[in-house]
Participant: 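Handing you a structure now.
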Protein chains: 2
Amino acid sequence: MATMTSAVRRPRGEYRKSQARRKEIVEAAVEVFATVGYNKGSLREIADRVGLTQAGLLHHFSNKELLAQAVLTWRDEDALALLGVPLPTGADLLRRLVDLAAYNERNPALMELHVVLSGEAASVEHPLHGYLVNRYAQVFGLVRAAFEQADRRGELRAGVDVDSAARTVISLMDGLQLQWLLNRGGVDMALDVARYLQSLLAVPL
Amino acid sequence: MATMTSAVRRPRGEYRKSQARRKEIVEAAVEVFATVGYNKGSLREIADRVGLTQAGLLHHFSNKELLAQAVLTWRDEDALALLGVPLPTGADLLRRLVDLAAYNERNPALMELHVVLSGEAASVEHPLHGYLVNRYAQVFGLVRAAFEQADRRGELRAGVDVDSAARTVISLMDGLQLQWLLNRGGVDMALDVARYLQSLLAVPL
DNA sequence: GTCTATATACTGATAGAC
DNA sequence: GTCTATCAGTATATAGAC
């Protein structure tokens, strides 16, 4: 979201066309990286899916890492938009996490993308490691703030450690996605997340 | 553990030597796969670390997938041994999960191996996918059984869903390892696992 | 903006000598 | 058991024509 359309004036419709191309490429890259990961996902395969040669693709994203970063920011913006605009606070945001889990469950390709890339990039040497470190710090900040607001509003049970709660609910959402992928249909992610959150909240979810 | 020494009689010490070689190779493979994953981890790199050529390595493990499976079973046996022999039951086993989390935290390389390979192999097309599916089914069975035993012994709070609890604690342990790798030292895994388990138990941890 | 052609590098696996 | 040599495949990235 929040595209920065025409920050620079361009002749004719070329820019718009190029933008559309980039979007096509990112969508194809999502599929490929989700299926085989970053390391094994090839630019040729992605280029094929949008009817380009590999060299043609590199005109739009000058190297593989830049393309992968575009994929990750696209996915992050998608998830963030799902949490609601403007972003809810306190227990309201925590409730949205349940919706997000349900949304993920309806989009296995997105889960696969998330799980596969997060796993690969957990290694310090991975090209996307830095991006992921940053991303998790932001996610943690967001969830922790929600618990803190909930606490101040009396929506939280007594004795809940907000740091631990934030880490736990994030771990839960990540780990459930892995288990879902290994046991499709055998896991109800939204239900498990809701159950855990309810165990911390003093108000109904 | 539980080596099957001399199920077949062999001439001289060749078998023993070969066994030692295999162990060296697996140890080197743990490092390499942990650092860059299965897809990017190369047999040449592993061979170099034990002073072999790539062809020499393939004498001991006839292809890459077999070597990776040896790595995974080695790691699983290690973790299982840490839970205790014979395997505890009920709340006792759940307590051991906290020890396992603490053990993992002292061995980042093992965490990296687990997180990176699990992520990669979440994809259906990955050579290790089948192994991982099987492994998670076993782990789930083990933890679920522990909750069920705890329930029968009155060690569990009322209203705890054993399936959901098993999925949740497994997700928690997996997700915390990812967060630990992205924020080294900023996560106390054993504490968070203990906190969650205590919230389900009617007895002290 | 897209192409062909190419440089350069690395991969897993096999054949066969020692 | 380990080696050398080699094959066939794949990869990213660049140069330059159109």
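Per chain, numbering begins at 1; letters A, B, ... match sequence-line order. We use all heavy atoms of the structure for the numbers below, so side chains are in, but hydrogens, waters and symmetry mates are not.
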Participant: Round to the nearest Å and state the distance from A:Leu52 atom CG to C:dT4 atom P.
Facilitator: 11 Å
Participant: Quick check on the helix from C:dG1-D:dC18 to C:dC18-D:dG1: what's the angle between its two end axes, five base pairs per end, to the nearest 10°?
Facilitator: 0°
Participant: With sequence neighbours left out, what residues match A:Thr89 under side-chain contact (heavy atoms from CB on, under 4.5 Å)?
Facilitator: A:Gln149, A:Arg153
Participant: Using atom CD of A:Gln19 as one end and atom P of C:dG1 as the other, report the distance to the nearest whole Å.
Facilitator: 11 Å
Participant: Nearest-Å distance, CG (B:Leu67) to C1' (C:dA13)?
Facilitator: 14 Å
Participant: Using atom types as modelled and distance alone, determine if a side-chain donor or acceptor of B:Arg195 lies under 3.5 Å from a backbone N or O of A:Ser164.
Facilitator: no
Participant: Which pairs, with at least one residue in residues 81-112 of chain B and sequence neighbours excluded, count as a ring-ring contact (aromatic ring centres under 6.0 Å, His included)?
Facilitator: none
Participant: Residues two or more places apart in sequence or in another chain: which of them pass salt bridge (charged side-chain N to carboxylate O under 4.0 Å, His left out) with A:Asp174?
Facilitator: none
Participant: Would you say D:dG1 has OP1 or OP2 under 4.0 Å from some side-chain N or O of B:His59?
Facilitator: yes
Participant: Who pairs with B:Glu120 by salt bridge (charged side-chain N to carboxylate O under 4.0 Å, His left out), at least two apart in sequence or on another chain?
Facilitator: none
Participant: Would you please name every residue forming a salt bridge (charged side-chain N to carboxylate O under 4.0 Å, His left out) with A:Glu105, sequence neighbours left out?
Facilitator: none
Participant: Can you sort out the partners of B:Asn134 under side-chain contact (heavy atoms from CB on, under 4.5 Å), two or more places apart, ordered by chain and number?
Facilitator: none
Participant: I'd like to compare against my own output: the B/S/- annotation of nucleotides 11-18 of chain D with a strict under-4.0 Å heavy-atom distance to protein.
Facilitator: SBBB----
Participant: For D:dT2, take OP1 and OP2 only and decide whether either is under 4.0 Å from a side-chain N or O of B:Thr53.
Facilitator: no
Participant: For B:Tyr38, give me all partners under ring-ring contact (aromatic ring centres under 6.0 Å, His included), at least two apart in sequence or on another chain.
Facilitator: B:Phe33, B:His126
